[in-house]
2 protein chains.
Amino acid sequence: MWERSLPQALASISSQSGPAPRTVVENGAESASVAGIDDVAQAAGVSTATVSRALRGLPNVSEATRLRVLAEAARLGYVPSPSAASLATGRTRTIGLLTPWVNRWFFSNVIEGAERTLRGLGYDVLLYTFEVKQSATRRRVDPNVLRHRVDGTLVVGLPLDDDEVRSLVDLGRPLAFVGSGPADQVTARLDDVSTGREATRHLLDLGHRCVGHVTGVPDLVSSWSPPAERSHGYTLELADAGIEPDPELVVNGDFDVQGGRESTLGLLRRRPDVTAVFAASDEMAMGAMLAARDLGLDVPGDLSVIGVDGHDLAELVGLTTMAQDAYQQGADASLLLMEMISGAPVPASLTYPTELVDRGSTAPPRAPEAA
Amino acid sequence: MWERSLPQALASISSQSGPAPRTVVENGAESASVAGIDDVAQAAGVSTATVSRALRGLPNVSEATRLRVLAEAARLGYVPSPSAASLATGRTRTIGLLTPWVNRWFFSNVIEGAERTLRGLGYDVLLYTFEVKQSATRRRVDPNVLRHRVDGTLVVGLPLDDDEVRSLVDLGRPLAFVGSGPADQVTARLDDVSTGREATRHLLDLGHRCVGHVTGVPDLVSSWSPPAERSHGYTLELADAGIEPDPELVVNGDFDVQGGRESTLGLLRRRPDVTAVFAASDEMAMGAMLAARDLGLDVPGDLSVIGVDGHDLAELVGLTTMAQDAYQQGADASLLLMEMISGAPVPASLTYPTELVDRGSTAPPRAPEAA
DNA sequence: CGGAGGTGTGGGAGCGCTCCCTGCCGCAAG
DNA sequence: CTTGCGGCAGGGAGCGCTCCCACACCTCCG
C-alpha cells in the first residue's frame, strides 16, 4: 500500500472520520490524483455542497465552516475543475476575443487592455484570429466555435457582414465591439468621422489643397467601419473647404506599412500635385513616408503626412497623428461585457476622443498652388 | 446609469443571476433548446455512443451510419459541448499561452504564429499576460490557473524563476518555450550568443572600439534569457577583438523604446566616447536612435546603432538589425507541443538563424579613435 | 460444424461540479 | 407550549459527453 504523508496523517486526525483523503501531489515524486471537491469535503468534515458554497463565497455557510473549508482546500491544493463547473452551470467564465491580427498596434493594445481587465475579474480570454487580407476572402466567423465555450464575445476591429453579426447575436450571449461595430450593438470606438475631419482640416489649415487619402480595404468596408467613416470625414471636410473630392486621390493601403507604401507610391506617381496625405492609420502613414523617401521626396517639405493611432513609434519617425487610447477601449469594452453578463444595463456605445499630436511630418506646402 | 465601479461590477458578477436560459433562436420560427448528442442519436436512430464515435471519426462505425449521423447532426445544428467532453476525457483541446506582453513586436508575432497554427489543428488558445516591469515584481505565474484548463503550455519570452518552471512542469502537461527557456525544456529560440557576437562583430568590423550595449531587465535575467546570452556574445566578441569589456558601457533598456531611449541617453552623457551601440532588441535600438537625436547626434555619423528582431518598422527608421522570424518560432513551438501531447518524441530544442540586415544605421566611426 | 476473431452497436457508469430541495436547530412571537 | 422562521447543512439529481463492456452477428479456418 501507499505511504501516507504527514499532512494527510494530520488530516485524518483533525477530521474524526477514519478514511484517508486521496493523495496529494507534494514536491516531486509520488504520482497521485489531484484533490477533488469531495476530498476537501471529507477533510473538512462537511458535504460537497457546503464546500462549493464556501469556496464561492455564497451565503448560508457559517464563518467557522467557511474558514475550515478554505484551510483544507488550500492544504490539499484543491483546484476546481472549470469543465465540471461549466457543465453544471452553463457558464464558462471565458470571453472569446475575435480579431484579424495581433501584431498590429491598435489590435495588440486593445487585446492587452481586454486581457488584463478580464483576468482581473476572473475571466479567461480565448483568442481567435481571422486574417483579413486584401484579396483573399477571409475565413468566415463561425459562431458554433464559440457556442458552449464563451460567456461573451468581444469583436476587435473585425469587419463583419450582417450575417456574421446576426449569427453572433443568435448565440444569445453578450456581444461587444471595439474599434468598429454595427450601430445597434454595444461598441467602444472613436468618432471616426470627426477624426477624419480633424486630420483633414489640419492639412487644409496648413494650406494644402491637393490632399490624398490612404484608407483601408474597400471590399471589407461596411458602413460602420472606421476607414469608411474616416474617409467620410475627409470628404466632408474637403467639401466644407470648398474642395471637390476627387476619387482619384483616395487609395487603398490595406492598413499596413507595406500597403500604405505601395498605394502612396501609386498615388504620388499618378498625381505629382499631391502635397499632403491623410492616412487612416499610423502604419499606413509610415508606409506613405517610406513612399515619399522612395521617390526622393522630403517629408514634410514635399509631402505632409498625417496618420491616426498614436503608434508607439510615431515619435521616432516624427509622424503627426490623431492619437487614440486603444488599451482603454479594450479595457472598457471588457467591462461593458461584464456588465451585460451580469444583466446590468449598459450604454449603447462609448466614444473616445482623439488628440492631434504634431510631430513634424506636416507643414505648409512648399509653394503656393500654381494651377 | 453608467456609474458602476469595478468592485460593483465584480459583486454583481459573482452573484449569479439565475439559471442560464437554455433556448436558442433558430432562423425565424421555432425556438428550441440546443440540440444535444441524444437528440442527434434519436434522430439518426442510433445510440449516443455511436453518435460520439461517428462524429469523432472513430472506427467501428459503418459508413452508412456515419453519414446518417453527420447529416442529422448538421440538420439539427448540433455543436458538442467542450466542457462535457473535457470533463469526460480530462483533455481540453486548449493551450495556455503565457506572455508578458502582446503589444511588442516579438511577442505579437509569436502569438499570431501560435494561434494560427493551433487553431488549424483544432486547438484553442487561452491568453495569459504577466506584465514584466523594470521595478515592480510581476505577478507570479500560478500553475493552478492552468490546471484542468489546458492540455499544454506555451511560455513566450517570459523569464521564469526555477520555482515557476518546476510548478509548470509539475502540472504534468506538455510545456514548451519560445524565445527563451531552461536548458532542459523544449524551446524554440535563437542562438542568442551568436547573435550577440555577430551584431558586435559588425560594429567592430566597421572600426568601432568603444561599443555600448543596451540590454534587458537585469534582475529578471536568468542564465537562459536572451538578453543575458546576447550580452554574453557581446562580451565574448569584444574579448576576441582584444577589447576589455567595460561594465560601464552596458545599460538596461527594459526592452522597450522608452527604456532604450533613457538608458542610451544616460550612457552617452556618461561616456561621450561611445561611437556605437548594440541594442538587444529593435525597440530598444529605436530608443537609442531617439536618444541620439535628443543629443543632436547623427546616426550613423556620430553613433552607429544595431538591434535585434527585424521589426516591421525597422526599415522605415533605417535600422540595421539581426532579423529573426518570430512568427515561425510561435508556429513551430506549437507544433512541438502538439507532438508532445500525442506522445511523439520531439527535439530538445529548435534554433533559428538571424540575418544581418544593413539599413544604414551603422557606419565607420567618424574619426579614428583618439585616446 | 464449432470456436475464434472481427465488426458494428447499445447500455450505462462515470467525469466533478452546481443547485434544488429537504431537514435540523434555535429562537422569537403568538 | 405551539408555530413560524431564518440560518446552516446534507442528499442527490443532473449537466452532456466519453469509454468500457457486453452482445449480436458474420466470416474464416481447422
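Throughout, protein chains are lettered first and strands after them, A, B, ... in sequence-line order, and every chain is numbered starting at 1.
Atom CG in A:Leu67 sits about 15 Å away from atom C1' in D:dC8, given to the nearest Å. Counting to the nearest Å, the P atom of C:dT7 and the CZ atom of B:Arg66 are 14 Å from each other. Rounded to an integer number of Å, the gap from A:Arg93 CZ to C:dT18 P is 11 Å. The interatomic distance linking B:Leu58 (CG) with D:dC17 (P) rounds to 15 Å, in whole Å. In this entry the distance linking CD of A:Gln42 with C1' of D:dG10 reads 15 Å, nearest Å. With rounding to whole Å, B:Arg91 atom CZ is found 9 Å from D:dT18 atom C1'. In this entry the distance linking CD1 of A:Ile37 with P of D:dA9 reads 15 Å, nearest Å. One interatomic measurement links the two molecules: CG of A:Leu87 to C1' of D:dG16, which rounds to 5 Å at whole-angstrom precision.
Within the 4.5 Å cutoff, no side-chain heavy atoms of B:Leu175 are placed close to those of B:Val186. Residues B:Leu146 and B:Tyr128 are in side-chain contact: their nearest non-hydrogen atoms beyond the backbone lie under 4.5 Å apart. A:Arg149 is listed as a side-chain neighbour of B:Asp124, based on a closest heavy-atom distance under 4.5 Å. Between B:Val150 and B:Thr153 there is a side-chain heavy-atom pair separated by less than 4.5 Å.
Looking at heavy-atom distances under 4.0 Å, A:Ser86 makes no contact with the nucleic acid at all. Using a 4.0 Å heavy-atom cutoff across all strands shown, B:Pro80 reaches sugar-phosphate atoms only and no base atom. Across all strands, B:Arg56 comes closer than 4.0 Å only to sugar-phosphate atoms, never to a base (heavy-atom distances). Nucleic acid contact class of B:Ser83 (heavy atoms, under 4.0 Å, all strands): none.
The listed nucleotides are D:dG10, D:dC17, D:dA9; the one nearest the side chain of A:Ser47 is D:dG10. Of the candidates D:dG10, C:dG16, D:dC8, the closest approach to any side-chain atom of A:Thr50 belongs to D:dG10. Distance from the side chain of B:Ala88 is smallest for D:dC17 among the nucleotides D:dC17, D:dG14, C:dG10. Residue A:Ala85 has its side chain nearest to C:dT18 when only C:dG12, C:dT18, D:dG16 are considered. Checking D:dG10, C:dT9, D:dA9 against every side-chain atom of A:Ala49, the shortest atom distance belongs to D:dG10.
Residue B:Thr48 has no polar side-chain atom (N or O) positioned under 4.0 Å from OP1 or OP2 of C:dG10. The shortest distance between the side-chain N/O atoms of B:Thr89 and the OP1/OP2 oxygens of D:dC19 is not below 4.0 Å. Applying the 4.0 Å criterion to OP1 and OP2 of C:dC17, one finds that A:Ser52 has every side-chain N and O outside that range. A sub-4.0 Å separation between OP1 or OP2 of D:dG16 and a side-chain N or O of B:Ser81 is absent.
Side-chain polar atoms of A:Ser86 and A:Ser83 form no donor-acceptor pair below 3.5 angstrom. Side-chain atoms of A:Arg66 and A:Ser62 form no donor-acceptor pair, as typed in the model, at a separation below 3.5 Å.
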